[in-house]
Amino acid sequence: MTLLQGFGTLFLALVAWRLLKRITQPRNPLEDVAGPEKEHWLKGNYHRIFQDGWDYNLQLAEKYGGAVKIHGLLGTLQLYVSDPRALHNIVVKEQHVFEETDMFILGNKIIFGEGLISTLGEQHRKQRKMLTPVFSLADMRDLLPVIQPIADKMRDVLLNQLPAGEGSQEIDLVPWMSRGTLEYVCQANLGYTFHALDPEKTNEYAKAVRNLSPTALSIILLRPFIPFFVRYFSLHWRNMFVEWLPIPQLRELRRIVRIMDTVSRQIFSEKRATMLGHTNGSSGTTSDGGGDLGERMRGKDIMSIMLKANASSDDADRLTDEELLGQVNTIIFAGFETTTIAVCRMLYILASKLEVQAKLRSEVRKAKRDYAASQNLDKRWEDVDLPYDVLMGLPFLDAVLRETLRVYPPTSLMSRTTRAATTLPLQFPVRSTSGAPITEISLSANTNVIISILASNHNKEVWGEDADEWRPERWLTATGERIRIGEDGDGVVRDGDVPAEGAPGNKGGVKYPGVYASMMTFLGGGRACIGFKFAEMEMKQILTTLLSAMHFALPAGTDAHGHRKEIRWKMNGLQVPVLEPPAGDGRTPQVPLDARRVCPTDFAPQPVAA
Ligand code: HEM
């Protein structure tokens, strides 16, 4: 029997086992919940939801409401959720029941080690306790000026591609934003540069991190087998399988993981030696040419803060070396693609709405001029760097960011599985298959639940009839000030906050448990995005820096055959911008925009209220 045959036999055995389980299991309580018909014997409705599924996802919620029965792989019944009370139960109240799937946790463990996205229960809680203070507002304030050179470098590499004067040049933003956000997360996380923004240098670590997602996605259909192989085969045998199986992407993935592991171990041990006073750490270079940022970053990077916090914590709370190491690649990976997509989306929107771009640029110019005047800085306004509180307080910038993250969440769908039977209460009743109203749904143990961030952020019951529209003004008062959202006025809705009267995302007291302005983009509860404040700060810094120097417009040019270039955003789990055929291949991520240097007409005619 060849290996391929062996693999096929294994697959058939798995199918037979799932079928047998379904026949012998008691009736699934989800049978009664309404939802779409199964559309494929193997993929159920998954291909409609996860592949270019923007319209399909929104229609599911529109047609069936906040809790929908769908068919997963091999027809398993699953629940697709966007109801606010149900989501509160899933991510906050019963987080211990609704956990990440084994496939997700074990797959991440193989790639990233013992980091936040590979652990559950008490171990995860302990890691969060150690890491949450590392992303505090005080640390973000310290970090902002230290990472400004990255935004400056992003601006300069783009400016260098432009002709002098007012001429424009088409530039694909995806590679540059991706390199820039990778530098951000590497410098802020590790205090290291991997020269990702230097076109002359190729760095193995930066290349490995950027290739991780495409490689893993190309073999996504193998993911369901991960728990089986991890549980029943040792590392030695798993490595043998990787050698034997005729799947080159598996070997590429292993190569990427090894590069990431080697470099992060090296940096980790250097950081620790520095902390213990064994070296001054100033001349650190990784085996692949990455470089320590030296005094500029000394002690302010997330890794150094985490090591110090860990060393001074009680024995019971202290993380092991493997757990600390596991956070390195976890944070870099979790923080770079999501932000790339969000920044590209924002620049794409600004290129489509030139009046919004002009208004935003005017707000930035006014803030920089005012700040320079208040500090007696003798600088051109374009060269002024705004401190944290000024940057975060710009109302229109904040509104543009929030509205983009609400309407176009970079990650649209998350999975959870029930570790025990439970009942999910609903805010808004849905219909049963017979048309009767249902106010709560019983779920057996091991039921998969899909959290629809997209449908939640578009829920008209919570965001109003214009929920689908991109309208930054919803976050502003009539005079252009920020609408106060959280109780403490920092714009962040936390559990227990009383959202201000009339705040967006709070209709008659009904709101989502999201950690950021009640939207679900960064999720909520104990597994919410730990880096959302960093992401917010980084995106605002990039936007203000780029818009001060450059103007962006949709591509006016055509391809070699005269076809117009039209950018379309696909929703494949992550949002992916592609060029529609025939001008593009409909697959490769790209956002080609016409960029030029800013000229005096690129500002709003009226000064904005700030
Ligand atoms: C626009 C940018 C971002 C978006 C939309 C985003 C979104 C999310 C979401 C939805 C989750 C929950 C995942 C789940 O439960 O399975 C998450 C988790 C996480 N994010 Fe982000 N994220 C962003 C940026 C960042 C940044 C910049 C960092 C780090 C600097 C980061 C670090 C993490 C980590 C470590 C987790 C795992 C948390 C845990 O399991 O406890 N993210 N993010």
Side-chain angles (χ1 to χ4, degrees), residues 87 90-92 95 98-101 103-105 107-109 112-121 123-132 134-135 139-140 143 147 177-178 180-190 209 301-303 305-306 323 326-346 401-402 404-417 449-454 456-457 512-517 519-543 573-575:
L87 285 177
I90 293 171
V91 301
V92 181
Q95 193 202 322
F98 293 90
E99 285 193 329
E100 308 266 4
T101 60
M103 183 172 85
F104 179 86
I105 294 290
N108 286 342
K109 201 167 274 195
F112 304 107
E114 295 280 324
L116 272 178
I117 55 172
S118 326
T119 51
L120 292 172
Q123 190 184 8
H124 177 264
R125 197 199 56 73
K126 197 171 136 185
Q127 293 192 3
R128 281 291 291 215
K129 192 172 165 202
M130 175 65 62
L131 277 159
T132 303
V134 172
F135 288 90
D139 288 324
M140 294 300 114
L143 208 49
I147 51 183
M177 295 306 117
S178 141
T181 55
L182 181 59
E183 262 309 275
Y184 259 98
V185 83
C186 287
Q187 291 199 18
N189 191 21
L190 303 175
V209 177
D301 60 276
I302 288 166
M303 197 73 210
I305 300 172
M306 187 172 77
E323 284 179 296
Q327 313 306 337
V328 176
N329 291 320
T330 297
I331 293 174
I332 286 176
F333 179 73
F336 121 83
E337 258 190 343
T338 41
T339 320
T340 304
I341 290 165
V343 175
C344 284
R345 175 69 86 159
M346 255 173 296
L401 186 80
R402 277 174 204 271
T404 307
L405 291 172
R406 180 188 71 82
V407 181
Y408 306 108
T411 47
S412 314
L413 303 162
M414 295 280 136
S415 291
R416 295 289 188 266
T417 190
V449 169
I450 296 188
I451 298 173
S452 181
I453 294 176
L454 181 70
S456 306
N457 286 2
Y512 280 101
V515 72
Y516 178 67
M519 66 184 84
M520 291 301 286
T521 304
F522 295 100
L523 233 58
R527 296 197 82 108
C529 177
I530 203 165
F532 79 95
K533 284 199 206 93
F534 178 84
E536 191 188 16
M537 167 177 87
E538 171 190 351
M539 290 186 282
K540 287 183 174 182
Q541 189 175 59
I542 294 175
L543 280 186
L574 282 177
Q575 307 275 338

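Order of appearance sets the numbers: ligands from 1, and atoms from 1 within every ligand.
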ask   = Can you list the residues that meet the side chain to side chain contact (heavy atoms under 4.5 Å, CB included) rule with Ile105, with sequence neighbours excluded?
value = Glu100, Leu120, Arg527

request  = Could you walk me through whether Asn329 and Phe333 pass side chain to side chain contact (heavy atoms under 4.5 Å, CB included), step by step?
outcome  = CA-CA 6 Å; Asn329 291 320; Phe333 179 73; 5.8 Å; no

message = Out of all atoms in ligand 1, which are within 4.0 Å of some heavy atom of Phe534? Include the element for each.
response = 27 (C), 30 (C)

request  = For residues Val328 and Met303, determine if any side-chain heavy atom of one lies less than 4.5 Å from a side-chain heavy atom of the other.
outcome  = yes

ask   = For atom 12 (C) of ligand 1, what is the nearest protein heavy atom, given as residue, atom name and distance?
value = Arg527 O, 3.6 Å

Protein contact to atom 29 (C) of ligand 1 [nearest heavy atom, distance to 0.1 Å] = Ile331 CG2, 3.6 Å

note = Here the atoms of ligand 1 under 4.0 Å from any heavy atom belonging to Leu523 are 12 (C), 15 (O)

message = If we set the cut-off at 4.0 Å for heavy atoms, which region of Gln127 has an atom near ligand 1: side chain, backbone, both, or neither?
response = neither

ask   = With side chains defined as the heavy atoms from C-beta onward, is the minimum distance between Cys529 and Leu523 less than 4.5 Å?
value = no

Contacts of type side chain to side chain donor-acceptor pair (under 3.5 Å), residue Gln95, not counting sequence neighbours = none

key: N or O pair under 3.5 Å between Thr411 and ligand 1   = no

inquiry  = For a side chain to side chain contact (heavy atoms under 4.5 Å, CB included) check, start with the C-alpha distance between Leu413 and Ser452, then their side-chain angles and the critical distance, and finish with the verdict.
reply    = CA-CA 5 Å; Leu413 303 162; Ser452 181; 4.0 Å; yes

task = Identify the protein heavy atom lying closest to atom 40 (O) of ligand 1, giving its residue, its atom name and the separation to 0.1 Å.
result = His124 NE2, 3.3 Å

query = Should you measure from each heavy atom of Glu100, which atoms of ligand 1 turn up under 4.0 Å away?
reply = 14 (C), 15 (O), 16 (O)

message = Can you tell me how the ring of Phe534 sits relative to the ring of Tyr184, calling it parallel under 30°, perpendicular over 60° and tilted otherwise?
response = perpendicular

message = Quick test: of every protein heavy atom, which one is nearest to atom 7 (C) of ligand 1, and how far off is it to 0.1 Å?
response = Thr521 O, 3.8 Å

task = Taking salt bridge (charged side-chain N to carboxylate O under 4.0 Å, His left out) as the test, write out the residues that go with Lys126, two or more places apart.
result = none

remark   = Taking only non-hydrogen atoms of Pro410 and a 4.0 Å limit, the atoms of ligand 1 in range are 5 (C)

ask   = Relative to the heavy atoms of Met414, which atoms of ligand 1 are at a distance of less than 4.0 Å?
value = 10 (C), 13 (C), 14 (C), 16 (O)

ask   = Got the closest protein heavy atom to atom 37 (C) of ligand 1, with its distance?
value = Ile117 CG2, 3.5 Å

ask   = At distances under 2.8 Å, what protein N, O or S atoms surround atom 21 (Fe) of ligand 1?
value = Cys529 SG

request  = Over all heavy atoms of both residues, which pair between Ala517 and Arg402 is shortest? Give the atoms and the distance, please.
outcome  = CB-NH1, 2.9 Å

ask   = What orientation do Phe532 and Phe522 show, parallel under 30°, tilted 30 to 60°, or perpendicular over 60°?
value = tilted

task = Say whether Glu114 and Thr119, considering side chains only, have a donor N or O and an acceptor N or O under 3.5 Å apart.
result = no

key: Closest protein heavy atom to atom 38 (C) of ligand 1, given as residue, atom name and distance to 0.1 Å   = Arg128 NH1, 3.4 Å

ask   = Do any N/O atoms on Arg416 end up under 3.5 angstrom from N/O atoms on ligand 1?
value = yes

ask   = If every non-hydrogen atom of Leu143 is compared with every non-hydrogen atom of Ala188, which pair is closest and at what distance?
value = CD2-CB, 3.9 Å

query = Would Glu323 and Gln123 count as having a side-chain donor-acceptor pair, cut-off 3.5 Å?
reply = yes

